[in-house]
There are 2 protein chains.
Amino acid sequence: MPRRRDSTTTKQRLLQAVFRVSHREGFRSADLQAILARAGVTKGALYHHFRGKTDLGYEMIDQVLRDWILDRWLHSVQKASDPIDALIELARKAEQEVTPERLAVGCPLNNLSQEMSAVDEGFRLRLSSIYSDWRDGLKVLLENGQQRGTVREDVDALSAATFIVASWEGSIGLAKCERSTDVLSACRQGLERYLETLRPL
Amino acid sequence: MPRRRDSTTTKQRLLQAVFRVSHREGFRSADLQAILARAGVTKGALYHHFRGKTDLGYEMIDQVLRDWILDRWLHSVQKASDPIDALIELARKAEQEVTPERLAVGCPLNNLSQEMSAVDEGFRLRLSSIYSDWRDGLKVLLENGQQRGTVREDVDALSAATFIVASWEGSIGLAKCERSTDVLSACRQGLERYLETLRPL
DNA sequence: TCTATTACAAACCAACCAGTATGTACGTTA
DNA sequence: TAACGTACATACTGGTTGGTTTGTAATAGA
């Protein structure tokens with residue numbers, strides 16, 4: 001039975017709100033008023049639980065964005081026996097499920113990185129940590145494939161993982177600006193072509 | 001002989017200033033005071049030549065950013081007989097010439113796209129136009145290669161060009177956040193691996 | 001049940017910032 | 001050289017925004 005005042009859910013509401021608003025508007029342009037309205041709480045509640053807007057952003061990255069990314073783009077393929085098949089399948093599903101809305105707002109990790117990483121070291125370190133874990137997870141995935149014979153032995157797993165992440169994010173970013181599913185499709189095909197080069201002969 | 005008051009150079013100074021400041025800070029966070037200080041002019045001069053900050057941003061894209069991108073990443077390879085060799089060479093040079101400073105600020109086109117394209121249609125259209133011209137230029141380059149036999153006949157030139165642009169920007173963006181030349185190097189290797197698949201057998 | 005502490009609510013504030021209004025010096029032209 | 005238009009310079013303003021302060025209701029512990 002939820003209490004009328006529950007600090008846990010209040011914090012969660014605020015974290016979800018700052019995630020959604022800054023996904024659209026960017027973090028610095030995300031108005032506190034809009035975040036509070038979305039969360040359905042007042043400024044007093046925010047400053048009770050967080051030091052300020054920046055602190056709210058930090059915790060959002062660690063507690064919301066991180067899972068949003070890794071659940072979507074890593075955990076869903078992490079137990080696949082053939083990494084290449086799994087990644088191709090993931091990319092196809094992602095392309096099919098994209099809506100005009102999602103296309104226009106892009107990837108929250110990429111958005112935040114481009115906006116904040118040159119301007120606030122706290123943001124950069126937290127975002128970089130997500131990228132690192134993502135890349136590292138893909139690296140392990142590819143290494144498992146190498147052991148099982150589904151990935152070529154002579155490829156550097158971390159290097160390949162890095163390129164996959166980079167081109168993935170670049171694709172979403174380009175499709176966002178061009179607002180075109182054709183661009184997204186072309187990029188997915190390009191990624192597939194690359195992934196095929198990682199298969200054993 | 002430069003006149004003491006030269007509207008042309010004043011406009012150019014303002015356009016260069018907003019380009020540089022917003023390259024670091026982002027456009028919306030770029031303080032007009034900082035732009036004016038960098039340009040060495042006052043607010044009166046700005047509002048004499050431009051309707052406002054947004055208008056200044058628009059003209060900057062069309063008159064500064066466009067050339068900055070296309071000169072760097074398209075025109076320098078446009079007359080190559082072997083597009084694949086040329087692109088590989090370009091990527092290697094770009095990697096060698098990168099400084100910590102440049103790494104940290106990233107690509108001005110990518111930065112602006114991620115920041116503005118979901119929030120201001122005027123920006124999005126202008127930025128999208130640059131991407132289109134870039135992609136289209138690479139498409140023509142690849143088609144020329146196909147005619148000369150340096151690029152496979154069965155690849156879709158526009159699709160390949162799109163993936164090249166996307167992964168290029170994604171690489172710079174990822175390296176920016178991770179602040180790592182190793183990431184940049186890994187991405188360049190990945191792009192080379194992809195480009196090699198475009199060669200005839 | 002009394003009390004202390006947590007969890008908010010709401011009014012307030014100071015700083016910032018794009019944009020404007022007004023004033024002035026320069027330069028061109030007749 | 002007089003006069004008029006262009007090219008600025010400077011002081012000001014209105015709105016927005018992150019942050020603070022003060023007050024109050026709910027909850028937990030003794």
Side-chain angles (χ1 to χ4, degrees), chain A residues 1-61 63 112 115-116 119-123, chain B residues 1-61 63 112 115-116 119-123:
Chain A
M1 187 129 116
R3 289 166 295 177
R4 286 175 61 185
R5 325 173 94 192
D6 184 347
S7 70
T8 307
T9 54
T10 301
K11 281 187 85 168
Q12 287 305 315
R13 292 180 65 83
L14 281 164
L15 290 170
Q16 290 293 331
V18 69
F19 173 72
R20 290 184 191 170
V21 175
S22 62
H23 189 182
R24 299 192 126 280
E25 312 284 334
F27 179 75
R28 279 179 297 183
S29 295
D31 186 358
L32 264 191
Q33 306 278 4
I35 296 168
L36 296 172
R38 179 134 210 162
V41 302
T42 62
K43 206 172 273 191
L46 193 162
Y47 280 90
H48 175 71
H49 290 290
F50 302 94
R51 287 184 175 180
K53 192 190 177 190
T54 304
D55 186 46
L56 181 62
Y58 288 170
E59 298 224 13
M60 178 270 281
I61 294 175
Q63 296 179 35
L112 268 182
E115 180 189 2
M116 301 303 295
V119 99
D120 183 307
E121 189 68 1
F123 273 89
Chain B
M1 185 133 116
R3 288 167 295 177
R4 286 176 60 186
R5 324 171 95 193
D6 184 347
S7 70
T8 307
T9 53
T10 301
K11 282 187 84 168
Q12 287 304 315
R13 293 180 64 84
L14 281 164
L15 291 170
Q16 290 292 331
V18 70
F19 173 73
R20 289 183 190 170
V21 174
S22 61
H23 189 182
R24 298 193 127 280
E25 312 284 335
F27 179 76
R28 280 179 295 183
S29 296
D31 186 358
L32 264 191
Q33 305 278 5
I35 296 169
L36 296 171
R38 178 133 209 164
V41 302
T42 62
K43 206 171 273 194
L46 192 160
Y47 281 89
H48 176 72
H49 290 291
F50 301 94
R51 287 183 174 182
K53 192 190 178 189
T54 305
D55 186 46
L56 181 64
Y58 288 169
E59 298 224 11
M60 178 270 281
I61 295 174
Q63 296 178 34
L112 269 181
E115 181 190 1
M116 302 302 295
V119 99
D120 184 308
E121 188 68 2
F123 272 89

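A note on names: the letters A, B, ... follow the listed sequences, proteins ahead of strands, and every chain is numbered from 1. Nothing here was measured: the structure is a model prediction, and the numbers come from that model.
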Quickly work out the [X] [atom1] to [N] [atom2] distance and round it to whole Å.
X     : N      : atom1 : atom2 : value
A:K11 : C:dT6  : NZ    : C1'   : 13 Å
B:F50 : C:dT20 : CZ    : P     : 16 Å
A:R13 : C:dC8  : CZ    : P     : 11 Å
B:Y47 : C:dG23 : OH    : P     : 20 Å
A:Q12 : C:dC8  : CD    : P     : 13 Å
A:L46 : C:dA11 : CG    : C1'   : 17 Å
B:D55 : C:dA18 : CG    : P     : 15 Å

Check the phosphate of [N] against [X], side-chain N and O only, distance under 4.0 Å to OP1 or OP2. Yes or no?
X     : N     : answer
A:H49 : C:dC8 : yes
A:T10 : C:dC8 : yes
A:H48 : C:dA7 : yes

Would you list the protein and nucleotides 3-5 of chain C atom pairs, both N or O, that sit under 3.5 Å from each other?
none

Let me confirm one number: the CE-OG distance from B:M60 to B:S22, rounded to the nearest 0.5 Å.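 One gets 3.5 Å once the value is rounded to the nearest 0.5 Å.
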For the residue pair B:K11 and B:E59, establish whether any side-chain heavy-atom pair is separated by less than 4.5 Å. yes
Can you name the nearest heavy-atom pair linking A:T54 to A:F27, along with the distance?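 That closest heavy-atom pairing would be CA-CZ, 4.1 Å.
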Closest heavy-atom contact between B:A30 and B:K53? O-NZ, 2.9 Å
Considering residues at least two apart in sequence or located in another chain, which fulfil the side chain to side chain donor-acceptor pair (under 3.5 Å) criterion with A:R13? none
Contacts of type side chain to side chain donor-acceptor pair (under 3.5 Å), residue B:Q33, not counting sequence neighbours: none
Just jot down the side-chain contact (heavy atoms from CB on, under 4.5 Å) partners of B:E25, sequence neighbours excluded, or say none.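 Partners of B:E25 by the side-chain contact (heavy atoms from CB on, under 4.5 Å) criterion, ordered by chain and then number, come out as A:V119, B:V21.
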Sequence-distant partners of B:R38, salt bridge (charged side-chain N to carboxylate O under 4.0 Å, His left out), two or more places apart: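 Not a single residue meets the salt bridge (charged side-chain N to carboxylate O under 4.0 Å, His left out) criterion with B:R38.
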Hey, can you pull the residues of residues 23-45 of chain A with a non-hydrogen atom under 4.0 angstrom from DNA chain D? A:A30, A:D31, A:L32, A:K43
Count the heavy atoms belonging to other residues, nucleotides or ligands that lie under 6.0 Å from CZ of A:R24, then report whether that count exceeds 12. no
Between C:dG19, D:dC8, D:dG18, which nucleotide gets closest to the side-chain atoms of B:K53? C:dG19
